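Residues: numbered from 1 along the sequence shown. Not measured: the values here are computed from a predicted model.
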Amino acid sequence: MALRSFKFSRHAQQFQRWFAGTLAVTISLASLPAFAADPFRTVNPHSIGDASEEAFNAMFYAGDYVEARQLINAALASEPDEPMVQAMASAMAYLDQDLAEMDRRAKLTQQKARALVDADPLRGHLYTAVGIFLEGGYVLQTQGIARGTPTALRMLQQVFNELGQAEDINRNDPELSLLKGFMDLLLAVNLPFANPDQAIARLRSSHPPYLANRGIAIGLRDLGRYDEAIKEVNLALQAAPENPDLLYLKAQINQLQGNTALSIPLYEQALAYADQMPKQTVWQIRFEKCLAEGLAGEACSERASQAQR
């Protein structure tokens with residue numbers, strides 16, 4: 001019964017996880033001076049402001065959303081025309097369930113990105129796709145699945161059109177491979193007759209590894225290929241060993257395999273970082289840990305809620 005409850009909880013959270021996961025890889029970097037850090041490109045790196053780079057690393061490498069929030073705010077003040085910063089602010093608003101702010105920042109992402117198309121078409125088209133994707137998420141959140149799906153599907157076509165234009169410029173760009181790999185794997189997991197292995201192969205050619213392997217692990221988890229998923233999340237943890245999102249993901253996969261003795265300590269390790277994680281994520285980890293300990297769903301919901309107070 002507990003495992004069935006866990007699976008139901010996992011599927012109830014699937015859209016949120018995939019939205020956040022896909023968003024993580026849509027964050028591209030500016031292409032201004034040379035000699036700047038770029039988490040996607042090891043050759044011909046693009047440049048971003050220091051605060052933006054630090055915010056990216058805090059949010060996606062360290063899984064420290066508290067520090068990332070502070071750095072995003074600093075970057076918004078110093079780099080308001082940077083579309084990556086607008087996209088990260090929209091993502092943070094989504095995690096906070098501040099949907100009006102999420103939508104506002106999504107539109108700003110598109111505005112700033114379109115202003116870059118002439119000077120940097122690859123980056124401009126990528127960020128336009130990001131902004132439309134974010135706006136589509138807002139539509140689904142506010143209108144519901146039944147009413148919002150037709151609009152969201154039209155917007156998804158626009159997303160792929162923009163990504164296609166970026167691919168025409170450089171189909172081997174590591175950041176584009178990461179983004180397209182996540183998108184394609186999402187579709188392969190949820191649609192019949194799709195080929196997830198093609199999406200996985202694309203992710204394997206992308207960078208950085210802690211996001212690429214994480215994306216593959218999520219897809220393999222949802223495909224029920226748990227042994228392969230464990231290998232991928234272990235590779236991600238080699239690159240980012242203190243990322244609580246990865247510890248949580250590994251705990252989930254172990255629990256789905258029935259390895260409760262392995263999953264519970266991993267849930268506890270992830271919860272050691274509770275102060276730096278979104279409250280809803282912390283609640284979900286506590287809930288799933290409780291299920292792994294053998295309690296019923298209703299009791300686990302109450303326990304997780306009490307721990308949040």
Side-chain angles (χ1 to χ4, degrees), residues 1-24 59 63-66 68-69 91-102 137-149 186 189-190 214 217-224 226 229-230 233 242-309:
M1 178 66 181
L3 185 57
R4 287 199 298 272
S5 297
F6 172 78
K7 288 182 177 179
F8 174 80
S9 169
R10 175 173 62 87
H11 289 301
Q13 295 291 320
Q14 187 176 50
F15 171 78
Q16 182 177 8
R17 288 187 188 131
W18 268 113
F19 179 81
T22 306
L23 176 65
M59 192 167 183
D64 190 337
Y65 294 84
V66 174
R69 186 189 306 277
M92 193 65 75
Y94 170 75
L95 293 173
D96 294 339
Q97 286 297 286
D98 185 349
L99 299 182
E101 179 67 3
M102 172 192 174
Y138 168 79
V139 168
L140 288 175
Q141 289 286 298
T142 55
Q143 296 185 14
I145 299 298
R147 288 184 56 220
T149 294
L186 166 62
V189 166
N190 290 281
R214 176 181 174 181
I218 292 171
L220 291 171
R221 177 201 67 189
D222 292 341
L223 290 166
Y226 302 133
I230 283 289
V233 77
E242 297 185 18
N243 186 308
D245 293 319
L246 293 174
L247 294 167
Y248 174 31
L249 177 58
K250 186 174 180 179
Q252 285 184 326
I253 299 167
N254 274 288
Q255 180 61 17
L256 287 164
Q257 288 181 304
N259 295 330
T260 300
L262 295 176
S263 67
I264 291 175
L266 286 163
Y267 284 126
E268 291 172 349
Q269 289 178 47
L271 287 171
Y273 298 88
D275 289 346
Q276 70 184 49
M277 301 177 73
K279 290 183 179 180
Q280 181 57 36
T281 302
V282 174
W283 186 97
Q284 190 66 27
I285 296 172
R286 287 177 172 142
F287 176 78
E288 292 177 19
K289 175 177 176 289
C290 178
L291 290 178
E293 292 170 341
L295 276 71
E298 186 173 334
C300 289
S301 179
E302 179 61 26
R303 176 189 285 189
S305 298
Q306 287 180 349
Q308 296 284 87
R309 294 170 190 158

- Just wondering, are more than 12 heavy atoms of other shown residues or ligands nearer than 6.0 Å to CD in Glu242? no
- Message: Less than 4.5 Å apart, side chain to side chain, heavy atoms only: is that true for Asp96 and Arg69?
- Response: yes
- Could you go step by step and tell me if Asp64 and Met59 meet the side-chain contact (heavy atoms from CB on, under 4.5 Å) rule? CA-CA 5 Å; Asp64 190 337; Met59 192 167 183; over 6 Å; no
- Query: Taking all atoms of both residues into account, what is the closest heavy-atom pair of Ser263 and Asn254, and its distance?
  - Reply: CB-CB, 4.0 Å
- Message: Using every non-hydrogen atom in the two residues, find where Ala270 and Tyr248 come nearest and quote the distance to one decimal.
- Response: CB-N, 4.0 Å
- Does Asp245 reach the side chain of Tyr65, with side-chain heavy atoms less than 4.5 Å apart? yes
- Note on the structure: By salt bridge (charged side-chain N to carboxylate O under 4.0 Å, His left out), Arg303 pairs with (sequence neighbours left out) Glu293
- Quick one: are Arg214 and Val233 in side-chain contact, heavy atoms under 4.5 Å? no
- Note on the structure: Residues Ala217 and Ile253: closest non-hydrogen pair is O-CD1, 4.4 Å
- Query: Backbone N or O of Gly63 within a donor-acceptor pair of the Gln276 side chain at under 3.5 Å?
  - Reply: yes
- Would you mind reporting whether Gln252 and Leu266 have side-chain heavy atoms less than 4.5 Å apart? no
- Message: According to disulfide (SG to SG under 2.5 Å), does anything in residues 260-299 pair up with another residue at least two apart or in another chain? List the pairs.
- Response: Cys290-Cys300
- Do Met92 and Glu101 come within less than 4.5 Å of each other through their side chains, counting heavy atoms only? no
- Query: Do Leu99 and Met102 come close enough that some side-chain heavy atom pair is under 4.5 Å?
  - Reply: yes
- Are there more than 12 heavy atoms of other residues, nucleotides or ligands under 6.0 Å from atom CD of Glu298? no
- Can you check whether Val66 reaches Asp275 side chain to side chain, under 4.5 Å on heavy atoms? no
- Closest contact, heavy atoms only, Leu291 versus Ala296: CD2-C, 4.1 Å
- Report yes or no: does Asn243 contribute a side-chain atom to a donor-acceptor pair with the main-chain N or O of Leu246 at less than 3.5 Å? yes
- Query: In chain order, what residues pass the side-chain hydrogen bond (donor to acceptor under 3.5 Å, both in side chains) check against Ser305, with sequence neighbours excluded?
  - Reply: Trp283
- Item | 4.5 Å side-chain heavy-atom contact, Ile285 and Met277 | yes
- Please round to the nearest 0.5 Å and tell me the distance separating atom CZ of Arg286 and atom OH of Tyr267. 14.0 Å
- Look only at the side chain of Thr149 and the backbone of Ile145, and say whether a donor-acceptor pair between them is shorter than 3.5 Å. yes
- Looking at CD1 of Ile230 and CG of Leu262, how far apart are the two atoms once the value is rounded to the nearest 0.5 Å? 8.0 Å
